[in-house]
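Worksheet for the structure shown next.
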Amino acid sequence: MNLPKVYEPKLYESDIYALWEKSQAFAPKSRGKSGHYSIVMPPPNANANLHIGFALTAALEDIPTRYHRMQGKSTLLLPGADHAGFESQSVYEKQLAKEGKSRFDFSREELYQQIWDFVAANRQNYGKQFRALGTSCDWSRFTFTLDEKIINRAYKTFKKMWDEGLIYRGERLVNYCTFHGTGFADVEVEYKEVASKIWSLNYPLTDGSGVITVATTRPETMLGDTAVAVHPEDARYKDMIGKTVQLPLTKREIPIIADGFVDKDFGTGAVKLTPAHDQNDYDAAQRHDLPMIVAIGHDGTMTSHVPSKYQGLPVAEARKIVLNDLEEQGALASDEPYTHSVGHCYKCGTAIEPMLKEQWFINMQPLAKQAIKALKEGRIKFYPDSKREQLITYLEGLRDWNISRQIAWGIPIPAFVNVDDSEDWIFDERTDQHTIEIDGKTYVRDSDVFDTWFSSSSWPYATLDYPEGEDFSDFYPLSLMETGGEILYPWVSRMIMLGLYVTGEVPFKEVYIHGYVMAEDGSKMSKSIGNVVDPFPIIEEFGSDALRMGLIAGRSPAVNRGFDNRKIEDARNFCNKLWNIARFTQEKLGNEYSHSNNPKAASLADEWMLRKIQHSIALTSDYLEEYRFSEAYEHLYHLVWDDFADWYIESTKIDLNEGVLAYCLEAILKLIHPFAPFVTETIWQTLAWEQDSLLITSSWPTALKADKKKAQQFEEVKTIVGEVRYITTALRVRDTVTLYYKESAFLEEQGDLIKKLARLKDVRSVEDGNGLYLTETKHSCWLDIDKATAKRYSSELADKIAAADEDIQSLDKRLSNKSYTAKAPKKLVDESKQQRKEAVDKREKLVAELERFQLAG
RNA sequence: GGGCGCUUAGCUCAGCUGGCUAGAGCACUUCGUUUACACCGAAGGGGUCGGGGGUUCGAGUCCCUCAGCGCCCACCA
């Protein structure tokens, strides 16, 4: 078979993936025998195409999976997709808007079904794209976050918490979008700087002794004020504490209270409190047992709790009229331009209204406590470890979790309320029913759904069929959770808390936090700026392996780095190098070669190469165990390119050892397979040295014995070749020079090889040499160069002498330091002495050589 | 305001618990069609490791400090 000169990935990749899939190579091996390794993929959003970040993610998950599979472990990489609750619904709503419809045209059930179909249609790409990335995940275990087992798990967890008193229903301030009609978690609110004004309002004291001036950016909320707060140690207001004010525009009398949260230096130092529409005010109201007046309704208009004049007005409208009325009454002290940050809905940009709403909450204290303990005990290893510390800090300040969302696309909350008693809530899983009858009482289902993160927090064990599943007993806790830093708090923290709560164990043993793939200039990729890099055209042009290696090259955990097309090209070239190494090998060994079980080193080059492979097997394994992908890749790159191709393969052109060459190629293909699965498998299949064998399921290479001394002698060959190349390049006399040596079995033996590698005319033994003496090697060798030409080399010699002088000086300085010889390890001191000796010897040689030149005149 | 991180060659970055004369890729210079590969081969140039101070026999690595950059969280009446 004649292989083309250039490796063309797209000719092979899809066939190779199909071969793996057909061979069931992705399924875990026999259960529980030689250890297990498991990763459950964080489920990407099912309604979107995979972006370049997922190409990185796929690589970071697939590399260790392939490595551990080759180590003989029962290995599982489980794929999934996320319904992405609110995300998907808003994408679908945009689509509806294009058709001139809105979600309010449909019932909750109709909407759910429509979004289901919409997401299902878009999910087609998902499998195709992960296959193109070479992800060796077990598709038979694919899980969607709305699969029955995930929903059931969420219900069981909710029930357990309900029974154990961790779930409560409470009226709390939520971040409410009046357009979408749903509340958001704190982390989902997007803050924007808004240029507005800050107004000062005069509230007259009821006893007529004056006014207290408060500052506000939201004057309309004054209709819901229930107190004014000042700092307890603020001398200006000390006498007013405990008095009341007459709230303008209303007939209400509200107290002046003292609370430490007030910043004396901000505004007037006096704050109006609107507990129903501001988190700080709410907290203060809790402390002081103040009433709460809901002034703004869920539709964004003023409620019936405000004077009738303002009822039903939209917030912006109400603001104008309130300001106008205040001014007329002389209660408006001042207004000044003011820029401050305001929470907005991250989808539609509507200003978020903090609003009182009945929600389901989880009491997080007991859960957080367990998680903090596990993290402090180091039961989960983090890459990098600093993320573990961050998570502990976060958990220590954790608030209760609002798990209700007022949208259709999600898992319905399995709770029903008695139509005759709004306090009477019951747990029931029959969420397909609107109303249920129990003991003659009628209950109506809660219309809310779970926050997506609530169900996905059970992902590590729900996907493995906790508690009865075989997968659960084999693969839990997971070996690794690989994810991005942005979901450390919303997801990773909750998986740990729920994992501990539900299963009693940490959900995973290690966490790898990846950094982001930024745009080439280091800025964030964004569709609107248009600097987004699509991974699939890159695969088309450079190959999936090149994309994978190009992305991990030089990347460390949790560090954001720009996309670099040159690294992709470089990796593509590397694949091509492997391809050509295989072509060469096949040419040498012939098409009929079959796998040899007993390769034996014969030459120095064999011993040297086997030592290199030995070292690389150990080093690559170590790197991969510690998820140091970039370093492993870089090491293998140099093993292949520098050691194997440039030295060993060149050596085989003089002295071929079929068994060793074949062994080395096999070992290299195996070591690189996790990084470049397609090209290595393509080569493996093309060579076909073993029948019906797949590289993906082959075993990690084992080292062969090699003679250390002989391997070191090959280094001497490299030294001589290196010096000859340097000199012949400097003097431009390549291909025309003969190397002479005196009485040396080593050169006798290695002469042909040195001649070939150094591009010499000949290598010959002589009685006494003449010409340019080699100074880098212990062996006595001369290059047969005429005096006139050789003289041009004297300046190089002078430079080398100067360098040797510097070496000797710095070593002398170190060795004459008594503290150094006394305190540094003896090994180091001996090493320094040895180095000094070598430097002095070398200098002598150089000086002698230079003198010869000068004598020769 | 709290937390985390970064600053090493022209560019993008490695450098793990302090120990040879600080590395890689790309870019650059010179040379080269040699039995796989020009997506190649050979040789080479290029760094006061952000500034200052300290600990140490020894600091890119540890500590303090200053400067610049970035991220996350909280707050913004």
Side-chain angles (χ1 to χ4, degrees), chain A residues 3 5-7 186-187 191 193 198-200 214-218 221 228-229 261-263 266-274 278-281 338-342 384 386-387 389-390 393-394 397 485-486 488-489 515-516 520 522 542 546 553-556 558-562 564 566-567 569-588 626 628 630-631 634-635 637-638 645-646 649-650 653 722 725-730 732 734-735 756-759 803 806-807 810-811 814 817-825 827-829 831-832 834-835 839:
Chain A
L3 300 176
K5 279 189 175 188
V6 172
Y7 172 63
D186 295 340
V187 293
Y191 285 89
E193 291 290 313
I198 188 164
W199 290 269
S200 295
V214 297
T216 180
T217 53
R218 299 208 53 191
T221 63
V228 170
F261 95 95
V262 178
D263 180 352
F266 190 93
T268 59
V271 193
K272 60 189 248 354
L273 296 187
T274 321
D278 181 281
Q279 187 64 49
N280 269 327
D281 297 0
Y338 186 67
T339 299
H340 65 139
S341 134
V342 178
S386 57
K387 294 289 169 186
E389 309 276 351
Q390 269 184 43
T393 310
Y394 169 76
E486 83 282 12
L488 184 66
Y489 299 158
Y516 309 128
E520 296 198 62
F542 296 100
R555 214 172 264 279
S556 314
V559 175
N560 298 343
R561 268 218 18 231
D564 187 351
R566 291 176 309 187
K567 288 213 183 327
E569 267 182 55
D570 189 35
R572 185 269 316 263
N573 295 351
F574 182 55
C575 293
N576 194 54
K577 190 74 182 176
L578 283 168
W579 181 252
N580 277 290
I581 283 168
R583 282 180 69 215
F584 173 82
T585 306
Q586 194 185 34
E587 215 168 84
K588 286 288 172 191
E626 292 170 39
R628 291 160 71 170
S630 170
E631 284 156 279
E634 194 176 308
H635 170 75
Y637 181 95
H638 291 290
D646 291 345
I649 284 198
E650 289 307 312
K653 290 175 182 175
R725 282 172 173 173
Y726 180 81
I727 294 169
T728 55
T729 302
R732 309 200 172 188
R734 220 175 50 178
D735 286 321
K756 160 88 181 160
L757 295 177
R759 306 203 54 181
E806 263 178 50
D807 285 356
S810 81
L811 287 163
R814 189 181 303 168
N817 180 345
K818 289 211 177 93
S819 306
Y820 176 70
T821 48
K823 289 187 184 174
K827 203 180 138 197
L828 272 175
V829 178
E831 225 173 81
S832 301
Q834 179 61 26
Q835 281 168 356

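Order of the sequence lines fixes the chain letters, A, B, ..., with proteins taken first and strands second; residue numbering starts at 1 for each chain.
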Just to be sure I understand the rule, does [X] reach a base, reach only the sugar-phosphate, or reach nothing, if contact means heavy atoms closer than 4.0 Å?
X: A:D281; result: nothing
X: A:Q834; result: nothing
X: A:D807; result: base
X: A:K818; result: nothing
X: A:A730; result: nothing
X: A:S556; result: sugar-phosphate
X: A:D735; result: nothing
X: A:V342; result: nothing
X: A:V6; result: base

In whole angstrom, give me the gap between the [atom1] atoms of [N] and [M].
N: B:rC69; M: B:rA74; atom1: C1'; value: 22 Å
N: B:rC4; M: B:rC64; atom1: P; value: 12 Å
N: B:rU17; M: B:rC63; atom1: P; value: 11 Å
N: B:rC49; M: B:rA59; atom1: C1'; value: 11 Å
N: B:rG15; M: B:rC6; atom1: P; value: 10 Å
N: B:rC71; M: B:rU65; atom1: P; value: 24 Å
N: B:rC39; M: B:rU48; atom1: P; value: 35 Å
N: B:rG60; M: B:rU8; atom1: P; value: 15 Å

Looking at the side chain of [X], which of [options] is the nearest nucleotide?
X: A:E631; options: B:rC37, B:rC75, B:rA14; value: B:rA14
X: A:Y726; options: B:rA43, B:rC57, B:rG25; value: B:rA43
X: A:R572; options: B:rA36, B:rC39, B:rG44; value: B:rC39

Extract from the structure each pairing of a protein N or O with an N or O of nucleotides 18-20 of chain B at less than 3.5 Å, listing the distance.
| unit_1 | atom_1 | unit_2 | atom_2 | d |
| --- | --- | --- | --- | --- |
| B:rC20 | O2 | A:Q835 | NE2 | 2.5 |

Nearest whole angstrom, please: distance from the [atom2] of [N] to the [atom1] of [X].
X: A:L757; N: B:rA42; atom1: CG; atom2: C1'; answer: 12 Å
X: A:R725; N: B:rA43; atom1: CZ; atom2: P; answer: 5 Å
X: A:F584; N: B:rG41; atom1: CZ; atom2: P; answer: 14 Å
X: A:E634; N: B:rG23; atom1: CD; atom2: C1'; answer: 8 Å
X: A:N560; N: B:rG70; atom1: CG; atom2: P; answer: 13 Å
X: A:R555; N: B:rA24; atom1: CZ; atom2: C1'; answer: 16 Å
X: A:L488; N: B:rC71; atom1: CG; atom2: P; answer: 17 Å
X: A:W579; N: B:rC40; atom1: CH2; atom2: C1'; answer: 17 Å

Helical stems, RNA chain B - three or more consecutive Watson-Crick or G-U wobble pairs below 3.5 Å: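 If one scans RNA chain B for consecutive Watson-Crick or G-U pairs, the stems found are B:1-7 with B:67-73, B:10-13 with B:23-26, B:28-32 with B:40-44, B:50-54 with B:62-66.
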
Lys/Arg-Asp/Glu bridge criterion (N-O < 4.0 Å) met for A:E569, A:R566: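 A:R566 and A:E569: not salt-bridged.
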
According to side chain to side chain donor-acceptor pair (under 3.5 Å), who are the partners of [X], at least two apart in sequence or on a separate chain?
X: A:H340; answer: none
X: A:E389; answer: none
X: A:Y338; answer: none

Residue-phosphate contact under 4.0 Å: A:K5 side-chain N/O, B:rC37 OP1/OP2: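 Yes, A:K5 has a side-chain N/O under 4.0 Å of OP1/OP2 on B:rC37.
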
OP1 or OP2 of B:rC39 under 4.0 Å from side-chain N/O of A:N580: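 It does not, given that no N or O in the side chain of A:N580 lies less than 4.0 Å from OP1 or OP2 of B:rC39.
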
Restricting both atoms to N or O, compile the protein contacts to nucleotides 1-11 of chain B shorter than 3.5 Å, with distance only.
| unit_1 | atom_1 | unit_2 | atom_2 | d |
| --- | --- | --- | --- | --- |
| B:rC4 | O2' | A:Q390 | NE2 | 3.2 |

Heavy atoms of other groups near A:Q834 CD, more than 12 under 6.0 Å: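 Atom CD in A:Q834 is crowded, with more than 12 foreign heavy atoms closer than 6.0 Å.
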
Along RNA chain B (nearest heavy atom to each residue), the more 5'-positioned of A:G554 and A:D570: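 The residue mapped nearer the 5' terminus is A:G554.
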
Earlier contact from the 5' end, RNA chain B, for A:S630 and A:Y338: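 Mapping each residue to its closest nucleotide by heavy atoms, the 5'-most match is A:S630.
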
Check: A:N576 side chain, A:V6 main-chain N or O, donor-acceptor pair, under 3.5 Å: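 The answer is no, because no donor-acceptor pair under 3.5 Å joins these two groups.
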
Non-neighbouring partners of A:W199 that pass ring pair (Phe, Tyr, Trp, His ring centres under 6.0 Å), sequence neighbours left out: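 Per chain and number, A:W199 pairs via ring pair (Phe, Tyr, Trp, His ring centres under 6.0 Å) with no residue.
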
Partner set under ring pair (Phe, Tyr, Trp, His ring centres under 6.0 Å) for A:Y637, not counting sequence neighbours: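 A:Y637: ring pair (Phe, Tyr, Trp, His ring centres under 6.0 Å) contacts with A:F574, A:W641.
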
Distance-only polar pair, side chains of A:N580 and A:R583, donor-acceptor under 3.5 Å: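 There is such a pair between these side chains.
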
Qualifying residues under side chain to side chain contact (heavy atoms under 4.5 Å, CB included), relative to A:E587, sequence neighbours excluded: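 Not a single residue meets the side chain to side chain contact (heavy atoms under 4.5 Å, CB included) criterion with A:E587.
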
With sequence neighbours excluded, residues passing salt bridge (Lys or Arg N to Asp or Glu O under 4.0 Å) with A:R555: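 In terms of salt bridge (Lys or Arg N to Asp or Glu O under 4.0 Å), with neighbours along the sequence ignored, A:R555 is linked to no residue.
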
Salt bridge (Lys or Arg N to Asp or Glu O under 4.0 Å) against A:E634, all qualifying residues, sequence neighbours excluded: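 None.
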
For [X] against [Y], the heavy-atom pair lying closest together:
X: A:A553; Y: A:R561; value: O-NH1, 3.3 Å
X: A:L811; Y: A:S832; value: CD2-O, 4.0 Å
X: A:T221; Y: A:T274; value: O-CG2, 3.4 Å

Aromatic plane relationship, A:Y394 with A:Y489 - under 30° parallel, 30 to 60° tilted, over 60° perpendicular: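 Aromatic pair A:Y489/A:Y394 classed parallel.
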
Derivation of the side-chain contact (heavy atoms from CB on, under 4.5 Å) call for A:L828 and A:Y820: CA-CA 10 Å; A:L828 272 175; A:Y820 176 70; 3.9 Å; yes

Donor-acceptor pair under 3.5 Å, A:Q279 side chain vs B:rA74 base: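 There is none.
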
Look for any protein N or O under 3.5 Å of an N or O in nucleotides 28-33 of chain B and output each such pair with its distance, or none.
| unit_1 | atom_1 | unit_2 | atom_2 | d |
| --- | --- | --- | --- | --- |
| B:rU30 | O2' | A:R732 | NH2 | 3.2 |

